[in-house]
Structures are given as C-alpha cells and as structure tokens.
Amino acid sequence: MATVAKLNRPTKERMSLLRNQASSLLWDGKVTTTSAKAKALQSYTEKILTLAINSYEDTVKVVKTSVDSKGVKVKREVLNDGPKKLKARRMIMSKLFDRQEQRQEKESKASFVERTKDINHPLIEKIFNVYAPKYAERIKEKGQGGGYTRVLKADMRRGDAAQLCIVELV
C-alpha cells in the first residue's frame with residue numbers, strides 16, 4: 001500500500017510531477033493542486049530555496065580579456081560563481097525544469113532580445129537574484145530559516161471532490 005508521501009505514483013512520475021510543480025511555483029509564485037501534492041511540493045521547494053539562500057553570495061571577480069571589432073584587447077571584470085554557488089546552481093538545475101522568458105505585452109522583439117541576451121537559465125537566475133536575497137533578509141529579521149511557502153485550503157475539486165490547496169511563496 002502506497003503512502004500519501006509517495007502520491008500513489010512510481011518514482012520517476014512522482015519526481016517529474018514535483019519538478020514541474022516546483023518550477024511553476026517558483027516562476028509564477030502560486031500553484032493550485034491537491035492537498036497531498038501541496039504538502040510534498042512545499043517540502044521539495046523549501047529545500048531548493050534553502051540551498052539557494054545558503055550560497056547566493058559566493059561570487060568571484062575574474063578579469064577576462066577579449067578582442068573588440070578593431071582588434072584591440074580589452075580587459076573587463078566579470079563576476080563568476082564561486083564553488084559553493086556553482087554546486088548549488090547545478091543541484092537546483094537538476095531538481096527543476098527550466099522555464100523560458102516570455103515577451104511582455106507590447107514589448108518589441110529588439111527590446112526583448114536586449115533584455116534577455118545574457119540570461120541562459122531564467123528560472124535559476126530568478127531564484128538566485130530575487131528569492132535568495134529576499135528570504136535571506138527575512139531570515140535576518142526574524143532570526144529563523146524556513147517557512148518560504150504557505151499552503152492555503154481552497155474549494156473541493158468538482159469532478160472527484162478532492163481537497164484543493166493553493167501553494168504560494170511568502
């Protein structure tokens with residue numbers, strides 16, 4: 001007999017479901033699902049966010065030289081991920097499906113390309129640049145970690161009367 005934590009699914013299906021829902025939650029900020037899936041999703045997402053929070057400040061300055069169009073060597077400073085952040089980034093990439101940036105309403109193609117030219121993995125960048133600093137500040141204020149998501153009960157699903165829940169980022 002399968003337990004609720006296993007969601008009555010084989011491992012591959014369960015992990016794919018959690019990856020998909022966690023990706024949607026971190027991209028959109030809110031997901032509606034059944035209560036059993038919500039509990040599993042909350043645990044899965046909080047671990048991802050904790051990993052990002054603990055390593056987002058680990059950066060290294062590197063000087064890179066490149067050749068411009070006139071053939072002149074130009075040196076510029078670049079911030080690279082440190083070893084701790086790189087490991088966390090790779091682990092998070094293995095636990096999430098990457099989402100692609102969408103063009104905003106009334107945004108020209110040229111401005112969209114300019115806005116997204118340096119972003120290879122938009123969801124991962126959002127986690128490290130938006131959520132990690134926000135929740136690290138929250139940890140400093142409250143003096144405790146965790147509690148990055150909340151589960152709110154919603155209506156019953158129409159077809160099978162399953163309890164629906166809304167999982168959202170705090």
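Computed from a prediction, not measured in an experiment: that's the story for all the values here.
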Check whether any side-chain N or O of [X] sits under 3.5 Å from a backbone N or O of [Y] as a donor-acceptor pair, and report yes or no.
X    : Y    : result
E107 : Q104 : yes
N20  : S16  : no
R19  : L96  : yes
T45  : Q42  : no
R89  : D81  : no
S43  : A40  : no
R14  : K12  : no

Determine whether [X] and [Y] make a side-chain contact, defined as any pair of heavy atoms from C-beta on separated by less than 4.5 Å.
X    : Y    : result
K61  : L79  : yes
R76  : S66  : yes
M156 : L164 : no
E168 : V31  : no
I92  : L51  : yes
P10  : E13  : yes
C165 : L152 : no

If you look at every heavy atom in [X] and [Y], which pair is closest and at what distance?
X    : Y    : result
G82  : V60  : CA-CG2, 3.8 Å
F128 : P133 : O-CD, 3.4 Å
L41  : A22  : CD1-N, 3.4 Å
A38  : V167 : CB-CG2, 3.5 Å
F112 : T116 : O-OG1, 2.8 Å
G145 : I139 : CA-CG1, 3.9 Å

Distance from [X] atom [atom1] to [Y] atom [atom2], nearest 0.5 Å?
X    : Y    : atom1 : atom2 : answer
S23  : I48  : OG    : CD1   : 7.5 Å
K39  : T34  : NZ    : OG1   : 10.0 Å
I166 : R150 : CD1   : CZ    : 11.0 Å
L17  : Y44  : CG    : OH    : 10.0 Å
K73  : D68  : NZ    : CG    : 12.0 Å
K30  : T32  : NZ    : OG1   : 7.0 Å

Inspect the contact between [Y] and [X] and indicate whether a charged nitrogen and a carboxylate oxygen are less than 4.0 angstrom apart.
X    : Y    : answer
E57  : K85  : no
E137 : K134 : no
K64  : E77  : no

Are [Y] and [X] linked, directly or through intermediate hydrophobic residues, by side-chain heavy-atom contacts shorter than 4.5 Å (ILVMFWY only)?
X    : Y    : result
I119 : L86  : no
V130 : L123 : yes
M93  : L25  : yes

Neighbour count above 12 (heavy atom, 6.0 Å) for [X] [atom1]:
X    : atom1 : answer
R90  : CZ    : no
D155 : CG    : no
K47  : NZ    : no

Step-by-step salt bridge (charged side-chain N to carboxylate O under 4.0 Å, His left out) determination, K126 to E101: CA-CA 11 Å; K126 186 173 186 177; E101 189 74 41; over 6 Å; no
Salt bridge (charged side-chain N to carboxylate O under 4.0 Å, His left out) against K70, all qualifying residues, sequence neighbours excluded: none
side-chain contact (heavy atoms from CB on, under 4.5 Å) partner of R99, the single match among D28, I124, L26: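 Single pass found, and it is D28.
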Side-chain donor-acceptor pair present, E46, T149, cut-off under 3.5 Å: yes
Any donor-acceptor N or O pair under 3.5 Å, side chains Q21, T33: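 Checked: Q21/T33 side chains pair up, N/O donor to acceptor below 3.5 Å.
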Derivation of the side-chain contact (heavy atoms from CB on, under 4.5 Å) call for R138 and V170: CA-CA 10 Å; R138 185 172 180 265; V170 175; 3.9 Å; yes
Pair listing, ring pair (Phe, Tyr, Trp, His ring centres under 6.0 Å) test, anchored in residues 133-152, at least two apart: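 Ring pair (Phe, Tyr, Trp, His ring centres under 6.0 Å) check on residues 133-152 returns Y135-Y148.
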